[in-house]
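Okay, here's the structure, questions in a sec.
Note that the coordinates shown come from a computational prediction; the quantities given were computed from them, not determined experimentally. Naming: A, B, ... by sequence-line order, numbering from 1 per chain.
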Amino acid sequence: MNIFSTYRDHIEAIIEKLVEAGSLPRGLDTARLTAEPPRDPSHGDISTNAAMLLAKPAGMKPRDIAEMMAAGLREVEGVSEVEIAGPGFINMRLGDAVWHDCLKVAIGQGAAYGASDHGAGAKVNVEYVSANPTGPLHIGHARGTVFGDVLAALLDKAGYNVTKEFYINDAGTQVDTLARSSHLRYCEALGRDIGEIPEGFYPGDYLKPVGRALAELHGDKWLDAPESEWLADVRAFTIDAMMDLIRADLAALGVHQEVFTSERKLVEDGMVDAGLKTLEDMGHIYTGVLEPPKGKAPEDWEPRPQTLFRATDFGDDVDRPLKKSDGSWTYFASDIANHLDKFRRGFAEMIDVWGADHAGYVKRMQAAVTAFSAGEGALDVKICQIVRLMDKGEPMKMSKRAGTFVTLRALVDEVGPEVVRFHMLTRKNDAQMDFDLTAVTEKTRDNPIFYVQYASARCHSSRRQARKYFPNHDMSLQTLVATPISCLTDESELGLIKIVAGWPRLVEAAADAHEPHRIAYYLYELAALLHAFWDKGSKDSSLRIVQGDDEKLTMARLVLVQGVQTVIDSGLGIFGIEPVEEMR
RNA sequence: GCGCCCGUAGCUCAGCCGGAUAGAGCACCAGAUUCCUAAUCUGGGGGUCGCAGGUUCGAGUCCUGCCGGGCGCGCCA
């Protein structure tokens with residue numbers, strides 16, 4: 001149940017009645033009609049723009065429409081007060097009982113609270129991480145990984161049918177380099193002195209075990225063999241090993257993706273040829289010559305006829321090449337096949353999470369999706385800006401020599417997966433952000449994850465206290481749901497309840513906007529209200545949660561606390577974080 | 001040269017597909033504290049929302065042009 005959409009329905013019904021009565025003209029468009037909490041709570045609980053929205057098409061004054069609607073709204077169950085304000089806002093106040101009901105519904109649903117069928121089970125594909133399989137994940141992957149994972153969880157919560165996908169870039173020249181590097185380690189494992197790892201090879205120690213495994217499996221048959229004999233086998237073996245490494249890194253962060261699509265396999269299975277054939281049949285491919293980029297022409301640039309995709313027909317700036325000069329497909333070509341494959345698997349809605357350095361690639365990919373799906377498919381690309389790793393307010397230099405934090409795993413080991421997950425979502429994805437190793441583990445209000453967890457701990461603490469005072473009182477969820485709570489009328493109590501009641505709406509809005517960071521801000525706000533309420537109890541003991549001499553009031557307050565806990569559980573659940581019960 | 005992203009308080013950032021006097025945290029100043037604890041709370045000062053136009057009942061939010069910062073710009077992925 002979403003209280004705001006419930007009242008939006010009431011508003012629409014009233015408009016309909018006014019139309020029937022001839023007070024408003026027929027055919028009014030109410031798509032942009034809102035029923036939302038006003039920014040300033042003193043204006044009421046729910047505000048609607050209906051009168052202002054309808055004024056022009058109806059040819060009437062906003063305030064006249066507002067007057068008519070206000071009369072109707074006053075009759076709606078649960079509405080205690082209706083006011084017309086400003087240029088024609090209609091502000092409603094709801095009776096306490098409405099909010100009390102919301103609270104009961106919330107705790108009754110537990111951690112599932114906020115889940116809805118908003119997405120109507122529509123299939124959505126979220127592709128994220130998608131790193132080159134050439135080594136362990138590094139710090140730069142952290143943000144996009146967490147972002148994609150939590151966005152997927154958020155969409156799932158909002159009622160979409162979500163698939164979490166990893167696209168393996170295993171078809172380019174970089175995996176040949178990987179194979180050669182791996183072969184070097186294989187030689188090393190067989191006792192050959194390889195000296196320093198030469199330029200142009202991957203130097204990481206993580207290839208040593210791969211070399212040893214190759215030696216064990218294949219003996220010395222590739223020791224002095226020409227590359228053509230071992231490259232494919234070594235490459236396949238090493239990519240598998242790297243993917244195991246990456247999957248382990250992801251698991252350490254709490255990330256588990258379901259589908260891993262191999263670029264190489266797409267190419268080998270002929271998916272790229274078939275996909276591009278589709279585009280060609282639609283007339284979106286031609287052979288032409290591109291202009292050199294202005295201002296920054298490559299030195300060896302020379303005009304050359306190429307196989308091009310008509311990206312300019314779909315909003316891109318220039319047409320994009322699909323084939324390299326050696327005749328093989330470009331990365332873009334196989335990525336088209338990748339997205340076409342997803343589309344054919346039933347995903348009309350696709351979301352890709354990319355790093356900032358890929359921003360220039362967005363338009364062409366969206367153009368391609370629009371082209372091959374004839375406008376039926378939609379691709380949203382979420383660009384995650386870079387994260388500056390800091391320590392005590394100073395940027396950390398990340399050279400491989402000095403840096404112990406170049407790998408994602410090292411970061412997770414240092415501060416814990418939950419801190420990484422939460423902190424990466426405390427900013428909009430397209431804003432740059434800092435990750436301060438010291439600050440994220442500090443126990444202060446400045447550290448959002450701590451602040452929220454502290455609120456969770458206080459909720460549990462109050463229950464523990466209550467049990468001490470009333471050891472015989474059943475405090476199960478069933479009992480709490482049946483507990484009378486009409487005594488919760490203090491402003492701070494109702495404020496908390498309203499935030500709890502607003503949770504389903506927030507989940508829907510965050511899901512629609514593909515903006516998981518809104519969850520973090522909401523939880524922070526909820527925590528702030530709880531801490532404020534808690535502190536009020538130390539000034540006015542009648543507001544303390546646990547009232548040693550008033551069992552009924554204590555139980556009612558526990559319902560409130562349970563509501564707060566429910567939202568924290570639900571929100572942290574989306575983040576993949578376990579709420580704490582105590583912080584001692 | 002072109003494209004994308006960003007520009008809101010001294011600092012770091014929110015601002016819910018245009019809405020009512022622009023919000024937090026940090027820092028600074030002054031106070032509070034029997035439940036989880038000075039790890040928290042209350043109050044205060046502080047902003048021409050980069051600049052200039054435009055769209056309309058109404059713009060931090062949409063459009064155009066500038067300024068400043070970041071990223072990218074055939075045969076890398």
TODO: Establish, with yes or no, whether the OP1 or OP2 oxygen of B/U42 is under 4.0 angstrom from a side-chain nitrogen or oxygen of A/Lys536.
DONE: no
Task: For A/Arg264, side chain to side chain donor-acceptor pair (under 3.5 Å) partners two or more places apart - done: none
Task: Selected nucleotide, minimal atom distance to A/Arg304 side chain, candidates B/G74, B/U33, B/U40 - done: B/G74
TODO: By nearest nucleotide on RNA chain B, pick out whichever of A/Leu290 and A/Arg427 is the more 5' one.
DONE: A/Arg427
Task: With A/Asn429 via side-chain contact (heavy atoms from CB on, under 4.5 Å) - residues at least two apart - done: A/Phe147, A/Lys382, A/Cys384
Open item on the list: Using the side chain to side chain donor-acceptor pair (under 3.5 Å) criterion, which residues pair with A/Thr238? Sequence neighbours excluded.
Closed with: A/Ser182
- [ ] Between B/C35, B/A20, B/C41, spot the one nearest the side chain of A/Asn91, thanks.
- [x] B/A20
TODO: Taking salt bridge (Lys or Arg N to Asp or Glu O under 4.0 Å) as the test, write out the residues that go with A/Asp436, two or more places apart.
DONE: none
Task: side-chain hydrogen bond (donor to acceptor under 3.5 Å, both in side chains) pairs, two or more places apart, involving residues 351-360 of chain A - done: A/His339-A/Asp352, A/Lys342-A/Asp352
Open item on the list: Ignoring hydrogens and geometry beyond distance, is the side chain of A/Ser47 in donor-acceptor contact with the base of B/A20 at under 3.5 Å?
Closed with: yes
Open item on the list: Restricting to side-chain contact (heavy atoms from CB on, under 4.5 Å), what partner residues turn up for A/Gln174, sequence neighbours left out?
Closed with: A/Asn132, A/Thr134, A/Asn169, A/Tyr202
Task: Nearest to side-chain heavy atoms of A/Tyr521, which nucleotide of B/A14, B/A77, B/A20 - done: B/A14
Open item on the list: Which residues pass the side chain to side chain donor-acceptor pair (under 3.5 Å) test with A/Arg310, not counting sequence neighbours?
Closed with: none
Open item on the list: So if I take every side-chain heavy atom of A/His531 and compare against B/G25, B/C41, B/G15, which nucleotide ends up nearest?
Closed with: B/C41
Task: Sequence-distant partners of A/Trp503, side chain to side chain donor-acceptor pair (under 3.5 Å), two or more places apart - done: A/Ser570
Between protein and nucleic acid, restricted to nucleotides 48-50 of chain B and to nitrogen or oxygen atoms under 3.5 Å apart, what atom pairs and distances do you find?
none

Task: Most 5' of A/His43 and A/Arg320 on RNA chain B, judged by nearest nucleotide - done: A/His43
Task: Check: A/Arg505 side chain, B/C16 base, donor-acceptor under 3.5 Å - done: yes
TODO: Ignoring hydrogens and angles, state whether a donor on the side chain of A/Glu551 or A/His473 is under 3.5 Å from an acceptor on the partner side chain.
DONE: yes
Task: Residue A/Asn169, side-chain atoms from C-beta onward, closest of B/U40, B/C35, B/A77 - done: B/A77
Open item on the list: Holding to salt bridge (Lys or Arg N to Asp or Glu O under 4.0 Å), I want the full list of residues that pass it with A/Glu349, two or more places apart in sequence or in another chain.
Closed with: none
Task: Ring centroids of A/Phe89 and B/A20 base under 5.5 Å with planes under 30° - done: yes
Open item on the list: Just to be sure I understand the rule, does A/Gln453 reach a base, reach only the sugar-phosphate, or reach nothing, if contact means heavy atoms closer than 4.0 Å?
Closed with: nothing
- [ ] Return one dot-bracket line describing RNA chain B 5' to 3' (Watson-Crick or G-U wobble pairs, both distances under 3.5 Å; ( ) same strand, [ ] crossing, | another strand, . none).
- [x] (((((((..((((.....[...)))).(((((.......))))).....(((((..]....))))))))))))....
- [ ] Counting heavy atoms from C-beta on, name the nucleotide in B/A20, B/A77, B/G19 closest to the side chain of A/Ala85.
- [x] B/A20
What pairs of nitrogen or oxygen atoms, one from the protein and one from nucleotides 64-72 of chain B, lie under 3.5 Å apart?
| from | atom 1 | to | atom 2 | distance (Å) |
| --- | --- | --- | --- | --- |
| B/C71 | O2' | A/Ala356 | O | 3.1 |

Open item on the list: Of the listed nucleotides (B/U34, B/A14, B/G19), which one gets closest to any side-chain atom of A/Lys428?
Closed with: B/A14
